[in-house]
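Note sheet for the following structure.
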Protein chains: 2
Amino acid sequence: MFTIKEASEKLNCAAHTIRFYDKEGLLPNIRRDDHGNRMFEKRDLDWIRLMTCFRATGMSVADLKQIVDLALQGDETIGQRRAILEAHQEEIKRKQRVLDEAFEAVSQKLEVYNNIEKGNPEERFLTYIDKLDSPQ
Amino acid sequence: MFTIKEASEKLNCAAHTIRFYDKEGLLPNIRRDDHGNRMFEKRDLDWIRLMTCFRATGMSVADLKQIVDLALQGDETIGQRRAILEAHQEEIKRKQRVLDEAFEAVSQKLEVYNNIEKGNPEERFLTYIDKLDSPQ
DNA sequence: ATAAGCATTAAACTGAACTTTAAGTCAAAT
DNA sequence: ATTTGACTTAAAGTTCAGTTTAATGCTTAT
């Protein structure tokens with residue numbers, strides 16, 4: 001069992017944020033000690049860690065809340081939960097494509113800078129006006 | 001030359017947003033017709049497209065603004081611009097790693113659902129309490 | 001000539017996800 | 001005994017990147 005401070009340190013996640021998640025209903029069944037302080041078990045930390053991973057890739061708190069609500073209803077909601085996760089997986093793939101394109105665009109831009117610094121005039125036609133460059 | 005409406009349609013970007021970028025100083029030297037309406041050239045659209053690509057991967061408007069301001073100062077600022085873009089490229093790589101991890105976590109979670117639905121009791125130990133699952 | 005449809009500006013508003021503040025309780029340490 | 005530091009709650013504030021609104025003006029079609 002961990003205090004909120006310990007949880008916060010282990011997860012590298014502000015205690016305020018953990019309380020916020022609790023208030024939003026993302027942490028059902030968190031136990032309290034006899035002073036009303038939250039006590040976290042390992043499985044609570046695992047769940048917060050997983051939520052942090054989902055959040056970091058764009059899943060909304062509302063979607064997390066829906067997963068929790070469905071999970072609380074039992075195994076007959078697994079189909080709906082699977083649908084949410086599969087949609088998120090598609091969203092992750094889309095984001096990966098966006099990142100790949102951006103990486104390529106930045107690389108091209110850096111090439112433009114290289115050519116300008118080398119004073120390579122053949123390549124300066126790539127520049128936007130004579131200052132702001134745009135790729136091809 | 002394009003009106004803001006044409007630019008908006010070509011870029012799939014709200015006219016309001018383009019005006020907002022202009023107001024923020026992200027579109028220097030945009031021309032106006034004799035009624036004060038903005039006129040966009042192809043190179044303006046290219047620059048907005050590139051900014052959209054950067055924005056979509058998390059570059060802040062403030063960073064874009066800095067790139068523009070540096071570009072307006074001339075080629076002697078290319079080193080600073082390169083540093084911003086290289087930092088952004090690192091940030092893109094970091095995001096790619098986060099996405100890869102999340103994809104893996106979602107896949108594991110979907111596996112857990114599969115095992116529960118198959119009624120595979122050996123695998124139920126993976127679940128969080130008996131409702132909220134956490135990976136490994 | 002008047003309505004529709006485009007443009008302009010400044011400023012207020014929105015939503016999401018925290019973050020901070022305020023006001024308070026409790027227990028251990030000095 | 002009182003300070004320190006951790007916890008509690010509710011509520012207000014923050015940030016970012018637009019978005020919406022309001023007030024206005026020009027041009028073209030009816």
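Letters go in sequence order (proteins before strands), and every chain restarts at 1.
- Rounded to the nearest 0.5 angstrom, B:Asp33 CG and B:Met39 CE are separated by 6.0 Å.
- Straight-line distance from the CG atom of B:Asn37 to the C1' atom of C:dA7: 4 Å, rounded to whole Å.
- Atom CG in B:Asp22 sits roughly 17 Å away from atom P in D:dA17 (whole-Å rounding).
- For B:Glu24 and C:dA10, the CD to P distance is 12 Å, given to the nearest whole Å.
- Following rounding to the nearest Å, A:Glu6 (CD) and D:dG5 (C1') show an atom-to-atom distance of 14 Å.
- The shortest distance between the side-chain N/O atoms of B:Tyr21 and the OP1/OP2 oxygens of D:dG18 is below 4.0 Å.
- Distance NZ (A:Lys5) to P (D:dG5): 10 Å, rounded to an integer number of Å.
- At a threshold of 4.0 angstrom between heavy atoms, the contacts of A:His35 are confined to the sugar-phosphate backbone, with no base atom among them.
- Spacing between atom CZ of A:Phe40 and atom P of D:dC7 amounts to 9 Å, rounded to whole angstrom units.
- As a whole-Å value, the separation of B:Ile18 CD1 from C:dA7 C1' is 13 Å.
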*Steps toward side-chain contact (heavy atoms from CB on, under 4.5 Å) verdict (B:Asp44, B:Ile30)*: CA-CA 8 Å; B:Asp44 297 316; B:Ile30 287 288; 3.5 Å; yes
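- Taking only side-chain nitrogens and oxygens, A:Arg38 never comes nearer than 4.0 Å to OP1 or OP2 of D:dA6.
- Phosphate contact (OP1/OP2 of C:dT20, side-chain N/O of A:Arg19, threshold under 4.0 Å): absent.
- Between A:Asp22 and A:Arg19 there is no salt bridge, since no side-chain N of the basic residue sits under 4.0 Å from a carboxylate O of the acidic one.
- Across the interface with DNA chain C, nearest-nucleotide mapping of A:Ser60 and B:Lys23 shows B:Lys23 to be the residue nearer the 5′ end.
- Taking for each of B:Arg55 and A:His16 the nucleotide of DNA chain D with the nearest heavy atom, the 5'-most of the two is the partner of A:His16.
- Salt bridge A:Asp100/A:Arg97: absent, no basic N to carboxylate O contact under 4.0 Å.
- Distances shorter than 4.0 Å separate some side-chain N or O of A:Thr17 from OP1 or OP2 on C:dT19.
- For A:Arg32, the side-chain atoms get nearest to D:dT9 when compared with the rest of D:dT9, D:dT21, D:dG18.
- One interatomic measurement links the two molecules: CZ of A:Phe20 to P of C:dT21, which rounds to 18 Å at whole-angstrom precision.
- Using a cutoff of 4.0 Å between basic side-chain nitrogens and carboxylate oxygens, A:Glu90 and A:Arg94 are not scored as salt-bridged.
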